[in-house]
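Reviewing the structure listed below.
Labels below follow one simple rule: chain letters A, B, ... track the order of the sequence lines, proteins then strands, and each chain is numbered from 1.
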Number of protein chains: 2
Amino acid sequence: MDSLEIDTPMNFCQACAVRNRAICADLDDEEIGLLNAIGRRKRLRAGEQLLWEGDEAIIVANVVEGVLKLSTQTADGKEQILGMVYPSDFLGRPFGETTPYGVEALSDAQVCVFRRADFDRFAREHPRLEHKLLERTLAELDRARRWMVLLGRMNAEQKLATYLVETAERLLPANCDETKLGDERTLTLPLSRQQMADVLGLTIETVSRHISKLKKEGLIDLPGRRELTINSLKALAERGG
Amino acid sequence: MDSLEIDTPMNFCQACAVRNRAICADLDDEEIGLLNAIGRRKRLRAGEQLLWEGDEAIIVANVVEGVLKLSTQTADGKEQILGMVYPSDFLGRPFGETTPYGVEALSDAQVCVFRRADFDRFAREHPRLEHKLLERTLAELDRARRWMVLLGRMNAEQKLATYLVETAERLLPANCDETKLGDERTLTLPLSRQQMADVLGLTIETVSRHISKLKKEGLIDLPGRRELTINSLKALAERGG
DNA sequence: TTTTTGGTTTGACCAAAATCAATGACGACC
DNA sequence: GGTCGTCATTGATTTTGGTCAAACCAAAAA
């Protein structure tokens, strides 16, 4: 299957949901028009793979909608999730020969796809875009390094608590605190237990055990397998070290 | 102490040892002159700290000579080394408020230091420099992510073997192989056992034990505490998973 | 030379997480 | 409503790496 298969022409950047947050935010109308001409909108179903690890780096993309994971396999078959990308995030490896990780949609998703060669050329000719990309890449590097501390120096409980706090901060309605009740402290986990294990460098059993432990201790509740209620974000954050 | 203390004015980029490899490589003479005007050469002694974690991001720098480590502390006092920088590498956090890691010289070193504000302005006005910085940052992100796999999914032996192979590949004379004898397969380790532990997310005892194990098994020899002889790079690489 | 010092090695023991193995629960589909 | 398949939980056991403590060693200082 051709990975540049076109689902929808990307005609209307103007109406794009992430127009003001993605790396194209600083471009003027003329530039947007040019970018429009080299990009294509693509829809992905949950579970569909956009890029394979080690592939020639043919494409890069902007996320418009949905959540995707970046991940890699070890020689002995274990998986490590390297990062998650959300709407307005950029993915792929510009200015590189191969894509160093696989990309898979975790939910149904929409992305703007560019051939890497086209994108590289466009970027070099448009410093404002390159600047945005640089700022994002620097922020991503900071994030990867914080995650290195989690992977290298935290125990299972700290890893899990840190992950849950981070997830809550991203997904829970803003300025939610302990005083809120019910739904407002409940979120839908974007990852399965196995995927959490792959993010945290643990096994599924260890994740499950520590989630149960946090529940038993009253810090969280589990209305459903994919539902999580935070009873005390503060206490949870303290467990994160 | 003012961290912009000047040791030597950075007058002669032309004569700089890393002139053709650092991010300034693509600049023309006029641009180099401008960059020259905002940078200062600084010497560091082994063990001296250039940046403190959490500091306002006042400065960024290019490494001219020596090796430095980027590292961070956890709440419970453990250290995680996030990366090492070598001559021609860039360090610091441009376009950011705070420096997310401490920087310490592991050997005597020389760096070109810039006030962050000056550097940021210069970079925005010189897309060729920004492009170089972007390429480096992307490469660094790839490297950080590969390290995440090591930290998250490898056991102690795999971590150590991987580290030793990587170190050998950087420090051993090029195209060295098993057929070589004696000195040509021996290198000086740039890190102490404790620092290796901090890079690999282990304790010093575990590092020591596994080094002894690899020695007992004949894959390596230890002529001195800081000396390492590789008997079989291939076999060592296999241990790395 | 002897002493001191700091990094390193080694051993005994312990705790945490992985592994192995059932069992349980939920949703999709018939 | 029942059955299948997937995912999650729980328990028993093993393995790994961490912790604590002691010995070791080499280089620098006295």
Side-chain angles (χ1 to χ4, degrees), chain A residues 45-47 69 74 76-81 106-107 150-164 188-217 220-228 239-241, chain B residues 45-47 69 74 76-81 106-107 150-164 188-217 220-228 239-241:
Chain A
R45 304 224 145 263
K69 68 168 191 192
T74 60
D76 46 343
K78 286 177 280 190
E79 179 165 7
Q80 176 68 50
I81 295 183
L106 294 176
S107 64
L150 177 143
L151 293 172
R153 289 298 183 208
M154 288 188 185
N155 63 30
E157 179 176 76
Q158 293 174 317
K159 286 178 178 182
L160 196 60
T162 302
Y163 170 75
L164 293 180
T188 299
L189 292 167
L191 299 184
S192 70
R193 298 291 187 271
Q194 181 61 60
Q195 289 165 336
M196 288 191 232
D198 292 337
V199 171
L200 299 173
L202 298 170
T203 58
I204 184 174
E205 293 96 332
T206 301
V207 168
S208 185
R209 268 185 255 275
H210 282 275
I211 287 193
S212 299
K213 181 162 170 275
L214 290 173
K215 179 183 169 186
K216 231 174 275 157
E217 295 171 337
I220 59 171
D221 278 308
L222 301 167
R225 289 209 276 203
R226 283 289 187 120
E227 315 301 314
L228 176 76
R239 296 299 178 95
Chain B
R45 302 223 146 264
K69 69 168 190 190
T74 60
D76 46 344
K78 285 178 279 190
E79 180 165 7
Q80 176 68 50
I81 294 182
L106 294 176
S107 65
L150 177 142
L151 292 172
R153 288 295 182 214
M154 289 188 185
N155 63 28
E157 179 175 77
Q158 293 173 317
K159 286 179 178 182
L160 196 60
T162 302
Y163 170 75
L164 293 180
T188 299
L189 292 167
L191 298 183
S192 70
R193 299 290 188 271
Q194 181 60 60
Q195 288 166 338
M196 288 190 231
D198 292 337
V199 171
L200 299 173
L202 297 170
T203 59
I204 183 173
E205 295 95 333
T206 301
V207 169
S208 185
R209 268 186 257 275
H210 282 276
I211 286 194
S212 300
K213 181 160 170 277
L214 291 173
K215 180 184 166 184
K216 230 174 279 158
E217 296 171 338
I220 59 171
D221 278 308
L222 301 167
R225 291 208 274 203
R226 283 287 187 122
E227 315 301 313
L228 176 77
R239 296 299 177 93

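Interatomic distance, B:M196 CE to B:I81 CD1, rounded to the nearest 0.5 Å: 10.5 Å. Interatomic distance, CG of A:D76 versus CG of B:N155, reported as 8.5 Å (0.5 Å rounding).
Rounded to whole Å, the distance from CG on A:L189 to C1' on D:dA8 is 13 Å. Rounding to whole angstrom units, CG of residue B:L222 and P of D:dC24 are separated by 19 Å. Between the C1' atom of C:dA21 and the CD1 atom of A:I204 lies a distance of 14 Å, rounded to the nearest Å. Rounded to whole Å, the distance from CD on A:Q158 to C1' on D:dG18 is 14 Å. In this structure, the CD1 atom of B:I211 is 11 Å from the P atom of C:dT10, given to the nearest Å. Between the CZ atom of A:R226 and the C1' atom of D:dA8 there is a distance of 11 Å, rounded to whole Å. The CG atom of B:L200 sits 16 Å away from the C1' atom of D:dT16 (whole-angstrom rounding). We find that NZ of B:K215 is positioned 14 Å from P of C:dT8, with the value rounded to whole Å.
Between A:E227 and A:L222 the shortest side-chain heavy-atom distance does not fall below 4.5 Å. For the pair B:E79 and B:K69, the minimum side-chain heavy-atom distance is below 4.5 Å. Here the side chains of A:T162 and A:L200 are not in contact, with every heavy-atom distance at 4.5 Å or above. For the pair B:M154 and A:T74, the minimum side-chain heavy-atom distance is 4.5 Å or more. Inter-residue side-chain proximity for A:L164 and A:L214 is flagged as met; some heavy-atom pair is nearer than 4.5 Å.
Each end of the helix from C:dT1-D:dA30 to C:dC30-D:dG1 yields a helix axis from five base pairs, and these two axes differ in direction by 30° (to the nearest 10 degrees).
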Once each nucleotide of nucleotides 13-19 of chain C is scored for protein heavy atoms under 4.0 Å, what B/S/- sequence comes out, 5' to 3'? ----SSB
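Taking only side-chain atoms of A:R225, from C-beta outward, the nucleotide of C:dT9, D:dT9, C:dA25 with the closest atom is C:dA25.
B:Q80 contributes a side-chain N or O that, together with a main-chain N or O of B:V199, makes up a donor-acceptor pair within less than 3.5 Å.
Using a 4.0 Å heavy-atom cutoff across all strands shown, B:S192 reaches sugar-phosphate atoms only and no base atom. At the heavy-atom level, B:R193 lies under 4.0 Å from the strands shown only through sugar-phosphate atoms.
For residues 188-214 of chain B, the salt bridge (charged side-chain N to carboxylate O under 4.0 Å, His left out) pairs, not counting sequence neighbours, are A:R153-B:D198, B:E157-B:K213, B:K213-B:E217.
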